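Let me begin by presenting the structure, written as structure tokens, before commenting on it.
Predicted, not measured: the structure shown is a model, and the values here were computed from it.
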Protein chains: 2
Amino acid sequence: MENLIVQKYGGTSVANAERIMHVAKTVSDTYKKGKRVVVVVSAQGHTTDRLVEKARGISSDSNRRELDMLLVTGEQQSAALMAMALQSLGHDAVSLNAAQVGIEATSVHGNAQIKRIRTARLTEELEKGRIVVVAGFQGINRFGDMTTLGRGASDTTAVALAAVLEAELCEIYTDVDGIYTVDPRIVPTAKKLDVISYDDMLELASSGAGVLHNRAVEMAKRYRVNLVLRSSMSEIPGTLIKEATEVERLAVSGIAIDRNVARISVTGLEDKPGVAYSIFDPLAKGKLNVDVILLSVGEGEKRDYCFTVHKQEMGLACEILEQNKEKIGYDTLITDENLAKLTIVGAGMANNAGVASTMFEALYECGVNIETICTSEIKITVLIDQRHITKAAKAVHDKFEPMFSKDYTQTEDA
Amino acid sequence: MENLIVQKYGGTSVANAERIMHVAKTVSDTYKKGKRVVVVVSAQGHTTDRLVEKARGISSDSNRRELDMLLVTGEQQSAALMAMALQSLGHDAVSLNAAQVGIEATSVHGNAQIKRIRTARLTEELEKGRIVVVAGFQGINRFGDMTTLGRGASDTTAVALAAVLEAELCEIYTDVDGIYTVDPRIVPTAKKLDVISYDDMLELASSGAGVLHNRAVEMAKRYRVNLVLRSSMSEIPGTLIKEATEVERLAVSGIAIDRNVARISVTGLEDKPGVAYSIFDPLAKGKLNVDVILLSVGEGEKRDYCFTVHKQEMGLACEILEQNKEKIGYDTLITDENLAKLTIVGAGMANNAGVASTMFEALYECGVNIETICTSEIKITVLIDQRHITKAAKAVHDKFEPMFSKDYTQTEDA
């Protein structure tokens, strides 16, 4: 649809009446520029946390279908309030929940994926000149039950809507003014990026830079949605996330820090086919997201696997592995919660042999020991003692500063 | 459906986790007796009021469609929490909102009426042995938009479900243990009724006895639903509301008190056809519920109409009348907010000429002046100075006490 902009506002941006009115004015300004607008909202402030607490007050292990039924109300409330705010500014606005839009998703409660979005109601409302406010974070499965798309997934709702409606732009409004080369709260010399490629953003998002939901970036990449991350509190342009060009690939984009890491080592495994499957299949069935996976380069008969999970999921991961101990056939589980993850990301890394060694040099110079290394074509991740993460991030960022200065603004007209 | 009981729990009964668990145990006990159970819940405690406040924080005059979209989340939350509580007791339970059940209603946001209830999903879930928890107070219109059925209308949801599912009983659990001859907080000698007829209950409910939503009673009467009002906090049997027999009609059932009354007098009207229509049609279009209507028995050319509305709707009513002043052609509007309404109800009243005079005698004896009188076949309503309402209620109740003692327990086997 021509002239269509999808704007997503997070929980902080809609936390109270005053902020909702502020957002409504931003939406109104966009509309007055001749744009059609679809607004996606998250639940207000800490609403989702409070609802989770309510559920825990009833049962420590709530049924996920019912939990979703409870949680989706938060976004529906925000959507209704936002529509009222737009109406108070004289606009014709309408709020829609996932069932009303027809956001069809899988049945994995708490972590569903969008399968299809019906566009009939949306286009009908937009063609009436209405501003449509959609409750983020939610879908319906084929039985008509409410499902949620995972924490932070309102970003994904926004990108998916931008994709199916062929919007010219999807703007994610948040409490930071763009993507930085590293978390500026930790490294004050961090630089804001004007442009970043989907791939680099994906690695940053996946590596713990919490500003954008990684499924949202994946989807933006797949459907070529022009994505902008910007602040709802300021006029600063933000960071544009788009397809990379060859020139851009030379740069190192940024550094991600993740403190929410626990490492689990599974030791004394036989060196035979099927072992990895026996470990990771039950974890996957338990809906656990496993990150960095390493297999020891053993000489003898026995080998060790180690991998990382979110800290709050370590208990569940160990429980699942203990239940499958006989089938997997391991000796012991060793856990470590005192680690942090430091990742540098850059689409040009594959063509630049010096990147890894530059990173290791920086860590060596500041005296930080590397526990584990894991690399991909466009990123290098190290696990280090979490007490040293600030020092390490600063050292690595300083080391790469000359590369950051070759940022995309020099080669892009965006 | 055989062996089916519909139980409705109000906001106080589900106000916190502890109370929800208490209700879940009551539901569980019913299920264990071999019954199928549909549970209807209201929003927790003051949730609806808080949501209305939120809307007012955005706009003093919220769009009613959006207000409904906001308000329905309260009941959905309660339903999800109740399903979790039942699951924690080992039951298979599922919560459904109005869209999922298919509770089709009119589009009058804030005061919609149920048109039809689809039973496919309900019977499917019940036949799986599940306890079904339905979010009360809500419906969907033909566009799939959420509508609400008016404050207190979760009772109506419960009765409507009991009607379409042909339940053997509909139990309304509340914070009082039954229907009393008069509000026991005002008249301590009030007696609890074991049985009352639909008609008498309807008059009591319509006259301000706030225990049951009058549309719920109307619907129960129309579809012959056996309705019980009882306390969720005690084992006391409650009051059964059912079809009256001839014998029962001899009794005076109870006394209703309503302090939420404002009287509006429209004076100096011409005495010609169409005047009443010109007054009450715009009020009806403004969705105002007008109660007691009186036309002065004038001798001269001009006549006066007076009627009562809820206090909070007086401003709106006057506004509407002023907008239509020319069309109606009246002199002045006179308002009085210092009145209260006292009503005695009894299906047998029509055959008992002495009832009205007994009431007037009681009021005369305690020195209370009657401002307005309005009678129907089964009730007598007087408007009096609200400062005297307690004194008046006691005097009238004492006077009728011998009639209350001929209550239904003597003639009923219920």
Side-chain angles (χ1 to χ4, degrees), chain A residues 14 16-18 20-21 24 43-44 47 50-51 53-89 92-102 121 124-125 133 135 140 143-146, chain B residues 14 16-18 20-21 24 43-44 47 50-51 53-89 92-102 121 124-125 133 135 140 143-146:
Chain A
V14 296
N16 54 43
E18 194 190 330
I20 288 176
M21 286 310 303
Q44 290 189 284
T47 303
R50 275 202 298 269
L51 290 173
E53 273 312 301
K54 272 202 177 187
R56 288 212 182 113
I58 301 286
S59 160
S60 59
D61 180 28
S62 302
N63 176 289
R64 293 205 162 194
R65 180 206 180 267
E66 296 305 330
L67 193 60
D68 280 358
M69 187 75 170
L70 182 68
L71 296 185
V72 295
T73 60
E75 280 71 19
Q76 185 170 324
Q77 290 176 356
S78 292
L81 293 170
M82 184 61 70
M84 289 175 195
L86 289 164
Q87 287 161 352
S88 79
L89 297 178
D92 196 1
V94 62
S95 70
L96 299 175
N97 65 19
Q100 291 169 335
V101 172
R121 176 87 189 246
E124 182 194 322
E125 301 287 3
V133 187
I140 46 161
F143 307 109
D145 290 337
M146 310 303 300
Chain B
V14 296
N16 55 43
E18 193 189 330
I20 289 175
M21 286 311 303
Q44 291 188 282
T47 302
R50 276 202 298 269
L51 290 173
E53 272 313 301
K54 274 202 176 186
R56 289 212 181 113
I58 300 287
S59 161
S60 59
D61 180 30
S62 301
N63 176 287
R64 294 205 160 193
R65 181 207 180 264
E66 296 306 330
L67 192 61
D68 279 359
M69 188 76 171
L70 182 68
L71 295 185
V72 295
T73 61
E75 280 70 21
Q76 185 169 325
Q77 291 176 356
S78 290
L81 292 170
M82 184 60 70
M84 291 176 193
L86 289 164
Q87 288 161 352
S88 79
L89 297 177
D92 196 0
V94 63
S95 69
L96 299 175
N97 64 20
Q100 292 169 334
V101 171
R121 176 87 190 248
E124 182 194 320
E125 300 288 1
V133 187
I140 46 162
F143 308 107
D145 290 337
M146 311 302 301

Chain A contact via [X] - which portion, at a heavy-atom distance below 4.5 Å:
X: D61(B); value: neither
X: I140(B); value: neither
X: M84(B); value: both
X: A93(B); value: backbone
X: A85(B); value: both
X: L96(B); value: both
X: I20(B); value: side chain

Tell me, for L67(A) versus chain B, whether the close heavy atoms (under 4.5 Å) come from the side chain, the backbone, both or neither. both

Quick check on N97(A) against chain B: is it the side chain, the backbone, both or neither that has a heavy atom closer than 4.5 Å?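 Looking at N97(A), backbone and side chain both touch chain B.
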
Calculate, to the nearest 0.5 Å, the distance between atoms [atom1] and [atom2] belonging to [X] and [Y] respectively.
X: K54(A); Y: Q44(B); atom1: NZ; atom2: CD; result: 3.5 Å
X: F143(A); Y: R121(B); atom1: CZ; atom2: CZ; result: 8.5 Å
X: S95(A); Y: D68(B); atom1: OG; atom2: CG; result: 10.0 Å

Q87(B) side chain vs S62(A) backbone, donor-acceptor pair below 3.5 Å: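 Pair absent, no side-chain N/O of Q87(B) close to backbone of S62(A).
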
Interface check, chain B: of E18(A), M146(A), R65(A), most non-hydrogen pairs under 4.5 Å belong to R65(A)

For E66(A), run the side chain to side chain contact (heavy atoms under 4.5 Å, CB included) check against V94(B), L81(B), V133(B) and tell me which one passes.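 Between E66(A) and the candidates, side chain to side chain contact (heavy atoms under 4.5 Å, CB included) is satisfied uniquely by V94(B).
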
Any side-chain donor-acceptor pair under 3.5 Å between T73(A) and Q76(B)? no

Minimum heavy-atom distance between I58(B) and A17(A), given as atom pair plus value: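 Minimum heavy-atom contact is CD1-CA, 3.9 Å.
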
Show the nearest heavy-atom pair for residues D145(A) and Q100(B), with the distance to one decimal.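 In this case the closest contact between D145(A) and Q100(B) is CA-NE2, 3.5 Å.
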
